[in-house]
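Report on one structure; see the data block that follows.
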Amino acid sequence: MDKKFLAKLLIVLLPTLLLWFMPGDCFGMDNLTVIEQRVIAIFYLAASMWITELFPIWTTSVFVIVLMLLTVSDSSLMFLRPEGLTDLLQAKKNGVIDEAGLSQLAQIQASYGTAISYKSIMATWADPIIMLFLGGFCLAIAATRCNLDINLARVLLKPFGTRSEIVLFGFMIITAVFSMFMSNTATAAMMLTIIAPVLKMLPAEGKGRIALALAIPVAANVGGIGTPIGTPPNAIALKYMSDSGICDPIGFGQWMLVMVPFVIIILVFAWFLLLTFFPFKAKHVNIKLDGEFRKDKQSMIVYITFGVTVLLWLLDSVSGLNSNVVAMIPIAVFCLSGIIGKEELKSINWDVLWLVAGGFALGVGLQGSGLAKHLVETIPFSEWPALVVLIVSGLVCYLMSTFMSHTASSALLVPILAAVAKGMGGNLDSIGGISTMLIGVAIASSLAMAMPISTPPNALAIATGYVKPGHLAKIGVIIGIVGIALGYVVLIFSRQLGLL
């Protein structure tokens, strides 16, 4: 057996087995249940397998989903459940359980925990975000068939000339602006479709293709910070700030006045990082993208569908259709019109969809078992100084968002921090008040992009074949740490200046 593979296997398996079998008291958490402990072990197993790339990253996701079904679901292996639990649950369901049985059931569940619905774990295969991915892939296939991607790339490249650094920054700006007003996943899907022909024409020996492919998810994630509607964590933070009654509501323009400059600074920093780690071999991107917009029937269908899809993504608040539903439109249109057939469907990056589903399954595990809430409640926020609460809350949100939905992380943390902030009252004045704490959580969640499963745009970048997990980790961690620190500085000074 290869020594390198064996070393990775030991790194993955030994800590996983230790976490699985060690006494629950060793975790430093009161009343840790068996289910929660198993989720912790599975969480480490998945993270270590993704980081070490012991197996292809999509196979890790499939394995995680199956392992969760077998060990922590309500349809897990019988010998892994407490004795008598199944019979007691069935008796309760049938309404034939007595008080003694109810008491026994409560005792068993207190130590064993809440088994996760097997249906919710399996549903991650068809999560609405998966549908958005499918829509994006279908748009890319159709755009390639009628050369729409090449023509759009030519139009977008023109204002930025041929200097490789400027072309890179131009695509980052365009992506960030779109992401301020539409789903970051939809933005990444659209932009990666547009730059696909550019990536193919760049020289293989340089690292420019990595930089350009990686720039799209980075810009999409960062760009969402720029407006209150750019990403759900922003809206969650604003809602609880308004509900707290401690600070005045923040308007759309007021938010953009502070956050757009912050986004630009982070984009410039990210641009510098990308050029440092993944420099272009040539100083100029001399790409010839010849051709004209075709006017045949199928091409016109693609143009109209592409335009309508993007327009509906931008105007979701007006149409009432969320981005996931909109993504189904091109799938239906292209299949009905024959633009996409069975062969084209086979070319979809199904491995990426399975990778994303595994990340969603972990999120279901963290929330469904109650572990995420238990972890947050274990942290004594109310006993700490304001600055410590600020730093720890940002780091906790960043770490949680690295492995689960950014929206779910914010939805879990923000209400708890809002209650803590309300109790701390004037003690928060030194850090800018409740707005700094809650908006800081929103920023931290958006900047969590160190792994393929951290955010769907990352998985889309992996699908190009140019970006590897190590590239994401290198760029993502640096942007995350610097971005969170800078974000807090901006928030504190903005509050002192009366901008927020």
* To do: Test side-chain contact (heavy atoms from CB on, under 4.5 Å) on N234 and M259 and set out the steps.
  => CA-CA 11 Å; N234 295 356; M259 292 304 168; over 6 Å; no
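- The main-chain N or O of V72 is never found under 3.5 Å from a side-chain atom of S76 such that the two would form a donor-acceptor pair.
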Show me the donor-acceptor pairs, under 3.5 Å and distance only, between side chains in residues 462-484 and residues at least two apart or in other chains.
unit_1, atom_1, unit_2, atom_2, d
T464, OG1, A461, O, 2.5
T464, OG1, Y466, N, 3.3
H471, ND1, K468, N, 3.0

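- At a threshold of 4.5 Å between non-hydrogen side-chain atoms, the residues V64 and L362 count as touching.
- At a threshold of 4.5 Å between non-hydrogen side-chain atoms, the residues H406 and T231 do not count as touching.
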Can you give each donor-acceptor pair under 3.5 Å made by side-chain atoms of residues 212-230, sequence neighbours left out, with the distance rounded to 0.1 Å?
unit_1, atom_1, unit_2, atom_2, d
N221, OD1, N184, ND2, 3.3
N221, OD1, T455, OG1, 3.2
N221, ND2, P217, O, 2.9
T227, OG1, M180, O, 2.4
T227, OG1, G230, N, 3.0

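- Distance CG/L70 to CZ/R38: 11.5 Å, rounded to 0.5 Å.
- Using a 4.5 Å cut-off on side-chain heavy atoms (C-beta onward), F262 and I443 make contact.
- Side-chain contact between M449 and L447: present, with at least one pair of heavy atoms (C-beta onward) separated by less than 4.5 Å.
- Using cut-offs of 30° and 60° on the angle between ring planes, the pair W354 and W125 is perpendicular.
- Remark: side-chain polar atoms of S454 are paired, donor with acceptor, to backbone N or O of M451 under 3.5 angstrom.
- Checked by atom type and distance alone, the side chain of T71 pairs as donor or acceptor with a backbone atom of L67 at under 3.5 Å.
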* Decide side-chain contact (heavy atoms from CB on, under 4.5 Å) for F43 and L371; before the verdict, give the C-alpha distance in whole Å, the side-chain angles of both, and the deciding distance to 0.1 Å. => CA-CA 11 Å; F43 188 90; L371 177 60; over 6 Å; no
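- Atom CZ of F27 sits in a crowded spot, with more than 12 heavy atoms from other residues, nucleotides or ligands closer than 6.0 Å.
- A heavy-atom distance below 4.5 Å is not found between the side chains of L14 and L18.
- Shortest non-hydrogen contact noted between Y488 and L390 is OH-O, 3.0 Å.
- Closest non-hydrogen pair, L399 versus F403, comes out as O-CD1, 3.4 Å.
- Note that CG of L238 and CG of L438 are 9.5 Å apart. Values are rounded to the nearest 0.5 Å.
- More than 12 heavy atoms of other residues, nucleotides or ligands sit less than 6.0 Å from atom CE of M29.
- Pairing each heavy atom of T185 with each of L460, the nearest pair is O-CD1, 3.7 Å.
- Of all heavy-atom pairs spanning I130 and A357, the tightest one is CD1-N, 4.2 Å.
- Expressed to the nearest 0.5 Å, how far CG of L45 lies from OG1 of T60 amounts to 8.0 Å.
- Within the 3.5 Å criterion, the main-chain N or O of L32 finds no donor-acceptor partner in the side chain of Q37.
- Counting only residues at least two apart or in different chains, salt bridge (charged side-chain N to carboxylate O under 4.0 Å, His left out) contacts with residues 340-353 comprise R145-E344, E343-K346.
- Distance check: M49 CE to L9 CG gives 9.0 Å after rounding to the nearest 0.5 Å.
- Within the 4.5 Å cutoff, the side chain of L353 has heavy atoms near those of the F137 side chain.
- Looking only at distances, no side-chain donor or acceptor of H374 sits under 3.5 Å from a matching main-chain atom of S369.
- Panel note: side chain E36, backbone T33; a donor-acceptor pair is recorded below 3.5 Å.
- With K8 contributing its side chain and T52 its backbone, the two residues share a donor-acceptor pair below 3.5 Å.
- At most 12 heavy atoms of other shown residues, nucleotides or ligands fall within 6.0 angstrom of atom CZ in F178.
- When all heavy atoms of T193 and G136 are compared, the closest pair comes out as OG1-O, 4.2 Å.
- Annotation: the span from I340 atom CD1 to S347 atom OG amounts to 8.0 Å, rounded to 0.5 Å.
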* Going through the distances and angles, do Y44 and V39 end up as a side-chain contact (heavy atoms from CB on, under 4.5 Å)? -> CA-CA 9 Å; Y44 172 81; V39 170; over 6 Å; no
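- Closest approach of V364 and S120 over heavy atoms only: CG1-OG, 3.6 Å.
- Residues V310 and M190 have side chains in contact (heavy-atom distance under 4.5 Å, counting atoms from C-beta outward).
- M68 contributes atom CE, which lies 8.5 Å from atom OG of S73 (distance to the nearest 0.5 angstrom).
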* Verdict with supporting geometry, I35 and T114, side-chain contact (heavy atoms from CB on, under 4.5 Å) -> CA-CA 7 Å; I35 290 289; T114 304; over 6 Å; no
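- Proximity of a side-chain donor or acceptor of T59 to a complementary backbone N or O of F55 within less than 3.5 Å is not detected.
- Defined by atom type and a distance below 3.5 Å, a donor-acceptor pair is present between the side-chain atoms of S401 and S409.
- Looking only at side-chain heavy atoms (C-beta outward), W20 and I42 come within less than 4.5 Å of each other.
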